Amino acid sequence: MLTTRYVTGAPNWIDLGTPDIEGAASFYGDLFDWEFQPGGPEVGGYGLFQLGGRTTAGGMQTTPEQGPPSWTVYFQAPDADATARAAGQARGSVRMQPMDVQDLGRMAILADQAGVPFGLWQPGRNKGLDVVQEPGSLCWLELYTADVPAAATFYRSVLGLETFGVDFPGGTYTTFAPAGEGEDAMFGGVVPLAGDPAEEEAHWLPYFEVADTDATVARARERGGTVRMPATDLPGVGRIAKLTDPYGARFAVIRSVPQPG
């Protein structure tokens, strides 16, 4: 599961690029009770989404030249420069070269072998998100890709991620965990594109925990969001739905089933 005890390869940040940060802040504020704290010109207006004073995500206004509206997940790297080089050697690419963000940390934007963007965060003063797993915060990730074995190989060679197979009726769900942390540290899954008609291109999809999936879907629709997959029960997992915000950024929500222990 996701925790704020960040280790190498663990997701430690997520942010939103959107053409209307004020509109997006209003939308996600209604859905998750987030408040947006905009940054100053020294950080290009990049701001923080917060829940009760704890940071749940970052966000900024972007242009079409910077890519479509989307959520980007970042993984902890002890050396962002070395990890960026490893991505290139593994048939990935570097979209944004490693750069310092004041004394907060060092970041880069990469793409995997299928062209899916993701970020690196080498912590400085900012260690990562303040809260995960709770309602209104990040709780799971899924990578949709055409070639699951190739994706597993890429993220193992670049981030050291281990994979585990979780059996379910009709197949096996491949999951990711940081190296050496075991199955209890699984934070996301890998899904073949051919197996999900709601997904048409390779991408990382963030899941946010909610108290009531159906109510969240209704609010998203009322505020101009789109329902890509209606609220659906996954036995033993929870009730999920896939959405887009009014500007086209994809995300999912889940009311998780409490797990034993």
Side-chain angles (χ1 to χ4, degrees), residues 1-17 34-60 62 66 70-90 92-112 116-134 136-141 143 154-162 176-182 184-188 204 206-209:
M1 61 182 290
L2 279 170
T3 75
T4 55
R5 186 184 68 82
Y6 299 118
V7 297
T8 296
N12 63 353
W13 194 257
I14 189 168
D15 63 17
L16 174 69
W34 287 354
E35 294 183 358
F36 185 65
Q37 305 294 329
E42 70 278 4
V43 291
Y46 188 98
L48 303 176
F49 291 105
Q50 295 189 324
L51 179 66
R54 298 178 296 171
T55 298
T56 57
M60 68 179 297
T62 53
Q66 292 172 284
S70 61
W71 283 98
T72 300
V73 59
Y74 294 72
F75 298 90
Q76 178 145 314
D79 185 333
D81 297 79
T83 305
R85 290 193 294 271
Q89 294 165 0
S93 61
V94 180
R95 299 277 183 93
M96 179 186 295
Q97 292 290 337
M99 58 175 286
D100 289 327
V101 183
Q102 301 177 328
D103 63 346
L104 300 174
R106 189 164 176 81
M107 67 162 287
I109 302 294
L110 312 180
D112 67 18
V116 178
F118 66 98
L120 303 177
W121 183 252
Q122 178 183 333
R125 188 161 53 85
N126 184 341
K127 303 303 181 186
L129 301 176
D130 293 330
V131 57
V132 296
Q133 297 293 132
E134 298 180 14
S137 68
L138 182 69
C139 67
W140 190 251
L141 296 162
L143 173 64
F154 176 87
Y155 286 97
R156 181 170 58 248
S157 64
V158 175
L159 296 172
L161 300 184
E162 297 179 347
F176 280 133
E181 296 293 310
D184 288 344
M186 295 184 301
F187 62 76
W204 279 100
Y207 280 70
F208 298 98
E209 186 72 33

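Because the structure is a prediction, the values reported are computed rather than measured.
Closest approach of M107 to M96, counting heavy atoms only: CE-SD, 3.7 Å. Heavy-atom minimum distance, L141 versus P11: CD1-CG, 3.5 Å. Across all non-hydrogen atoms, the minimal contact from S137 to V131 is CB-O, 3.7 Å. Across all their heavy atoms, A185 and E181 have their closest contact at CB-CB, 3.4 Å. Taking every heavy atom of both residues into account, L120 and F118 meet most closely at CD2-CE1, 4.2 Å. Minimum heavy-atom separation, F208 to C139: C-SG, 3.9 Å.
Scanning for salt bridge (charged side-chain N to carboxylate O under 4.0 Å, His left out) contacts around D103 gives R125, with sequence neighbours left out. With sequence neighbours excluded, the residues that form a side-chain hydrogen bond (donor to acceptor under 3.5 Å, both in side chains) with E209 are S256. In terms of the side-chain contact (heavy atoms from CB on, under 4.5 Å) criterion, residue partners of P38 (sequence neighbours excluded) are, by chain and number, F36. Here A90 pairs with F154, S157, V158 under the side-chain contact (heavy atoms from CB on, under 4.5 Å) rule; sequence neighbours left out. Taking the side-chain hydrogen bond (donor to acceptor under 3.5 Å, both in side chains) definition, one finds that T83 meets it with nothing, sequence neighbours left out. In this structure, the ring pair (Phe, Tyr, Trp, His ring centres under 6.0 Å) partners of F176, at least two apart in sequence or on a different chain, are Y155. With sequence neighbours excluded, the residues satisfying side-chain contact (heavy atoms from CB on, under 4.5 Å) with V94 are A84, Q97, L110. Under the side-chain hydrogen bond (donor to acceptor under 3.5 Å, both in side chains) criterion, W34 pairs with T56, sequence neighbours left out. The side-chain hydrogen bond (donor to acceptor under 3.5 Å, both in side chains) test applied to E35 returns no partner, not counting sequence neighbours. Remark: T8 pairs with P78 by the side-chain contact (heavy atoms from CB on, under 4.5 Å) rule, at least two apart or across chains. Checked against salt bridge (charged side-chain N to carboxylate O under 4.0 Å, His left out), D100 has the following partners two or more places apart in sequence or in another chain: R106. Every residue two or more places apart in sequence or in another chain was checked for a salt bridge (charged side-chain N to carboxylate O under 4.0 Å, His left out) with R95, and none qualifies.
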For this session: Test side-chain contact (heavy atoms from CB on, under 4.5 Å) on Y74 and T72 and set out the steps.
Result: CA-CA 7 Å; Y74 294 72; T72 300; 3.9 Å; yes
Exercise. Does the side-chain contact (heavy atoms from CB on, under 4.5 Å) test come out yes or no for T4 and V132, once each step is laid out?
Worked result: CA-CA 7 Å; T4 55; V132 296; 4.1 Å; yes
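For the atom pair CD (Q37) and OH (Y46), the distance works out to 14.0 Å, reported to the nearest 0.5 Å. Rounded to the nearest 0.5 angstrom, L129 CG and L2 CG are separated by 9.0 Å. One finds the CG atom of L48 at 8.0 Å from the CG atom of N126 (value rounded to the nearest 0.5 Å). Rounded to the nearest 0.5 Å, atoms CZ (R156) and CG (L161) are 9.5 Å apart. Here OG1 of T55 is found 5.0 Å from CH2 of W13. Values are rounded to the nearest 0.5 Å. To the nearest 0.5 angstrom, M99 atom CE is 10.0 Å from I109 atom CD1.
A donor-acceptor pair under 3.5 Å is formed between the side chain of E162 and the backbone N or O of G180. No donor-acceptor distance shorter than 3.5 angstrom exists from the side chain of Y207 to the backbone of G188, with no hydrogens or angles considered.
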